[in-house]
Structures are given as C-alpha cells and as structure tokens.
Undergrad: 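My questions all concern the structure below.
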Number of protein chains: 2
Amino acid sequence: MSNAPHPRSDSPTRRVTAAMVAAEAGVSTATVSLVVNGKTAGRVSAANEQRVREAIDRLGYVLDSVGSSLARGVSSTIILVAPDISNPFFAQLISGVRQVLATDYHLLLSVSDPGQRPSLTEVSRLFGQRPAGLILHAPDPEFLAGVPAHVPVVAVDAPDAPETVPAVNFDVSQGARLIAEHLHSRGHRTIAYLDAATGTATLRVRREAFMAAATSLGMTVLQHLPVATTIDIAAAGASFTAAWPQMHAAQASAVVCATDTQAYGVLQEARAAGLEVPRDLAVTGFDDLPFSASMNPGLTSINLAADAVGVQAATMLRNLLSDTSIEQRQLIWPSRLVVRGSSALD
Amino acid sequence: MSNAPHPRSDSPTRRVTAAMVAAEAGVSTATVSLVVNGKTAGRVSAANEQRVREAIDRLGYVLDSVGSSLARGVSSTIILVAPDISNPFFAQLISGVRQVLATDYHLLLSVSDPGQRPSLTEVSRLFGQRPAGLILHAPDPEFLAGVPAHVPVVAVDAPDAPETVPAVNFDVSQGARLIAEHLHSRGHRTIAYLDAATGTATLRVRREAFMAAATSLGMTVLQHLPVATTIDIAAAGASFTAAWPQMHAAQASAVVCATDTQAYGVLQEARAAGLEVPRDLAVTGFDDLPFSASMNPGLTSINLAADAVGVQAATMLRNLLSDTSIEQRQLIWPSRLVVRGSSALD
DNA sequence: CTGAAAGCGCTTACAG
DNA sequence: CTGAAAGCGCTTACAG
C-alpha cells in the first residue's frame, strides 16, 4: 500500500484516471490501456511501456472497472450464486473456485436468504452487473432458464440441470446406496428416512436413490416418518421426537438423514430421549460437515469433495471464457462413505 | 419471468437499452432514466410515465448498472468483506444485513481465503467496482486505512477500529468475564486457555479480558498451554492432546477455548483420551455456533447476536449513504453466557 | 414537463 | 508502434 496512498482524512483527492496517466507519461490513453491490460506485445514500445508504468506508480492509478466493463461490454467479475451459505460445506466450494479464478477475475457471492430462491429483481440486477460468468450452486430450473444465452454458466450440485448446461455434480446416488448397503450389512432391516424439505434436486436424488437401494436390499423404509424438515437442527430434532413413538412401534433401528445438519438434531433428541446411539438407534447423515467427526458418537456420513468440485467447476468456466472447447460438459464426482460411531459399535 | 424472455438458445438478442425504450415510447432517454429511477415527481407527465412503463414491459428492458454506475460515479452495490465465511456465524450476520439493505442495494460478498487477508490487488479491484459502501467484518487496521475517504464504511466485530470509523461490535470482554466467573463459581481454580492464532482483534480482546477476569478472581491460567492454533477442529484437538499431560500435571480442571470450533476439537480429543467432560475436565467455547447445542455434552459458550449486529451495521451504513447524521458512531452489543453440559454437571 | 447534449472512464478498430 | 475518435449505456445539469 506504500505507493498508492488512500488518504482517509485528507482532501477528497480526485480519482486518478487513465487520461491523467497518459498526460503524465506523454502518451495517449490508448497506450495506457494497452499497458494496463498487458496487451503490449508488438503494440507498445518498451520505452513507452516503461514511461506508462512509472506514471502509474507515481500517480497511484488503479483501473476503473466500471469504465472498463462498459467499454468491453462485460465485466471481469464472476458471480457465485448460492441459495444458502450457512452450509459450511459451501466455504470449501468457494475455496476451490478461488484457487482457479482469483487471479484473473473478481469473485463475488450473491446469496439469497436460506431456503429462498432469488427474486426476479435480484436476478435482473445480477445481469445488470454484466458478469463475465456465473457459477450456480444448486440452481432451480427456472433460474437456469432465466440466464441470458450469452452469459457463460457452470452449475454445481445440480443433478437436474439440462445436458446442455455445463455442470459438476456429486454422485449422491452412489452415496445414498453406500448408506443403504452399510446399514444392511450391520443388520438393519427397518429404517426411517428424514428428508429435507427444500425441493433441491440433490435432496430428491438422495431420497430416491436411498429408497431404491434399500428396497432392492429387502429393507423396509417407513413412509414420512419422521416428517421432512428444513435443513435445521432444531426442526429435525423436533420432527424426530414427534415420530419416535411410531418409529419405535414399527421396530425401526436406524434413522437415515438427508443432511448432516438434520442428523445433529436427531442425535441430540435421541440422547434427550434416553436412547443410546447406535445400540438403540443408528443415525446417519449426508455431507460430512467438518463438525460430524466431533459429535459424540461421531456421525456416519457421506463425504463430498466440495473443494475438488469447486476447482472443477471453476476450470470449466475458465475454459468456457477463453473459448477453449471443453471435452465433457458434465462431470460427476464420487462420494465416499465415512463410518463413525453413530452407526457402528466399536 | 413471463414478459422478459431470456432465450437461452435463440439468436443472441441484443441487449435492450434505454434508447430502444425511448424510441418505442416516443420520448427521450432522459425521460426513460427518470422513470426507471423513480424520479418522476414533477418531472415527467403521467401520460409519458405510462408510455415508458409500457415500453419497458414490452421490450423487457432492464437497467444496465454498469452504464448507470459510470454516469453516477458510484454503483448501487454494497460489498461485504469477510476474512472467512467458513464461520457459520457469518451467515447470520449476512441475514441481518440483507434485511436492511437488500431492497435498495445489491449485496455482494468478497471473501479471502480463510485466515488470509485480502491482497493489494484484490483491494484495488474492490474499489474499481465503485461500491456504494462497504461492510467490513473484522478488518485489520491496514485494510481500514486503505479505504478511500469517500467510500462509506461500517466495521463489524472490530474492537480495534479507530473511533472515527463507524462500527458495531460484540461485547466480547463481557463474554470473557462471564466465562471466567462461571468457571470460578463452579470451583475451577487452575485453567488452560486455548487461543486462536489469527491475530484478529476480537481474539486478542477475548484472551486479555479472560486473563484479567480470571486473575482478579484469583484463578491461575496456564501460559501457552495448550499452544494457540488456527480456528480449526483438528488443529485444536492436536494441540490439546499434546498439552494434556502437562495440563494434568498442573492440575488444570478446565480448558477455555477462544472459539467454539476449537472447543469441538478439544471435546473430541478429550473423549478420545478417556476423559469425562465435565467431571474430569470442563470445556468452554465462544461464539455459540448452531452446532454447539448438539455436542455431547453440549458446549458451554458465549452467544453473540450476529443477526442483530448485522441489522445494526446495515442500518448505520444506510444512514451514512442517505446523509442522515448518525447519532452514535460505535455500538456495542452485549454477550450472553449459555451454560451447557460441558462445564456443568447435571 | 421535455429533450439535446455533455460526460462518466475506458477500449478498440482505424488510419497513419 | 502511435494517437484521434467513436462508442459502451446511462444520468444530469441546462435551456427551453
């Protein structure tokens, strides 16, 4: 920050423009622009480039991206649209995206309130920003359809995205099967499924894949017992508490939860009800949040490689932006079962 | 989305501009601009306003915020700068900010990698966006000093912010005292403090306030035992494990952690070491993350009203933006002790 | 109440 | 290799 003073209390120094740099260096603004954008090869003499760089340093010039975006017709901002950043798993995704895109683009997040989808005005304003590209986490089909044709887009965690949309998904079907097989191998035959009531595609796939796998293994899955809840610890716990008597009567020996967050609530309330996990009741989650290993007992879950997927999605988008033809339009990342104490006696 | 089709596969329809709307409505672009910005009072006839609105609907016009920002000299984007969004507590803060600002401004998040501070280039690009204002979560002094004088700023969770900077802080000193008093009242006399090694001001304040309170209550706090760690479950657990023999020898009966995240690691490793919490060792956290109630035993912690603080900060910024003089430049929000099983026998 | 015009800061053919 | 100039889409005094 040494040579670019930003006097917070001094007189409101005027913004330094390319024109001022040009005057200082004795060149045109066209030349300044070429230097700033690294397009000097064969277009700017070494001497002039040097002069411009010195002038930039002297004046503390910073490219105005608003002017730049208007002239180029597109900004260098990539917007990551997420329905819910309270999911800690999302931080990992971002970290992966940053690794690939942070150098050349400005990464911004646009979030809606948890569980809610972005409104029409929010979407319009989004495109009014002229983003260079979009990474959409778990977009609903309407949002996807509303993206203007000329904006490069990559979807993440969107198993229902049309094949024409580049996407990187987690293999949650496989994860759901792994859970079913794991519980079956531990002798469970009657099981409850706590679904998440957000309508996201990944959650539908998780449920359907689990049902299919459990059924084909000859297990019984209780219907709507417990009742689906939002992805919230307290709501999930309450739903479990309400359903437990019936589950118990039906001789259910395990609760499979659509998300780790919900499983935390079930663990908590099962304990409050005096149940011993996993002896009296096995519990499993999905997502393998960083906190799941710290539960007591640890929560058996499905690990999703969020950072790897972030890297993949960002790489795909970068290729799209540089017109590199991408080989595969949709990638799928394997899931991994992590067995912990909540489903396995030591 | 009905009357504003975004043909994803059709021919690349040209962006609809204010000039096209003006032509369609038979008025000037100046009039279109006034209507779009709701500045019609006494400046646009009802008839013309009506015509313009119809033309906008017919053509599916959306204000281009890049052009608008350039003309006005400032965008309608408010950027929330956060060092680490993996902190779930951050989602609550955002929710509060959104409640106040989402209608009139576009809220975007700029994140750096966990624990790292934003680089100079990132900061420059930030201001190249011409944000209407900034909300800074736990900014370091250098960043704060680098904010151009004309950009309205509100800091959050920045107990070291100069008095000239509007800020909303949590009373973490009070929280630290509450922890000390609670443990003292439970009979603890020798205590370990697991600090967080990120250099954020709030963490320094937590530690200093705790040390002062504990000392004045006549308690002994072991020095650098365990060794400070990043805000990471595994790192904290490992640090605890390494320090436990010495802590035990020193007859420490409690570990006070700078953050809940670290406390999770301690709980986990204490359990692995065969310790019973809280009988053999009490553990406390700080932040009261949503997961802390789900630990077993539940984690005693300090609850910070993140959403309330988000609302406050956003309100302050909105007042700053509308030239309303704000009464108080710095607000402080009380902390609340939440006692759970990790420090209290049933 | 209305519109022509200047201007925001930059980029990019274009002519030299 | 270089610069004058047009243009990106909008807003805002200004003159009427």
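Chain A is the first sequence line, chain B the second, and so forth, proteins listed ahead of strands; every chain is numbered from 1. Just so it is clear, the model here is predicted, and its values are computed rather than measured.
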Undergrad: List the atom of B:A55, the atom of B:E24, and the distance in Å for their closest heavy-atom pair.
TA: CB-CG, 3.5 Å
Undergrad: How far apart are the closest heavy atoms of A:P131 and A:V151, and which atoms are they?
TA: O-CG1, 4.4 Å
Undergrad: Quantified in whole Å, what is the C1' atom distance between nucleotide C:dT12 and nucleotide C:dG16?
TA: 16 Å
Undergrad: Which pair of non-hydrogen atoms, one from A:I135 and one from A:A314, has the smallest distance, and what is that distance?
TA: CD1-CA, 4.2 Å
Undergrad: Could you tell me if A:T200 and A:T198 have a donor-acceptor pair between their side chains, going purely by distance under 3.5 Å?
TA: yes
Undergrad: How close do B:R329 and B:M316 get, counting heavy atoms only, and between which atoms?
TA: O-CE, 3.5 Å
Undergrad: Can you check the B:Q129 CD to C:dC10 P distance for me, whole Å?
TA: 14 Å
Undergrad: Rounded to the nearest angstrom, tell me the gap between atom CG in B:D64 and atom P in D:dG9.
TA: 7 Å
Undergrad: With the side chain of A:T17 defined as its heavy atoms from C-beta on, choose the nearest nucleotide among D:dG9, C:dC10, C:dT2.
TA: C:dC10
Undergrad: Using both pair distances under 3.5 Å as the test, note the stems of at least 3 consecutive Watson-Crick or G-U pairs that include DNA chain D.
TA: C:1-3 with D:14-16, C:5-12 with D:5-12, C:14-16 with D:1-3
Undergrad: In whole angstroms, how far is the C1' atom of D:dC10 from the CG atom of B:L70?
TA: 8 Å
Undergrad: Tell me, for nucleotides 11-16 of chain C in 5' to 3' order, what letter each nucleotide earns: B for a base near a protein heavy atom under 4.0 Å, S for only sugar-phosphate near one, - for neither?
TA: BB----
Undergrad: State which residues pass salt bridge (Lys or Arg N to Asp or Glu O under 4.0 Å) with B:R53; sequence neighbours excluded, sorted by chain then number.
TA: B:E49
Undergrad: Would one find a side-chain N or O of A:S45 under 4.0 angstrom from OP1 or OP2 of D:dT2?
TA: yes
Undergrad: When you check the phosphate oxygens OP1 and OP2 of C:dC1, does a side-chain N or O of B:N48 lie under 4.0 Å from one of them?
TA: no
Undergrad: Mind calculating the distance between CZ (A:R51) and C1' (D:dT2) to the nearest angstrom?
TA: 12 Å
Undergrad: Can you give me the closest heavy-atom contact between A:V156 and A:A313, atom names plus distance?
TA: CG2-CB, 3.5 Å
Undergrad: So do the side chains of A:F90 and A:L80 get within less than 4.5 Å of each other, counting heavy atoms only?
TA: yes
Undergrad: Between B:P166 and B:L320, which heavy-atom pair has the shortest distance, and what is it?
TA: CG-CD2, 4.0 Å
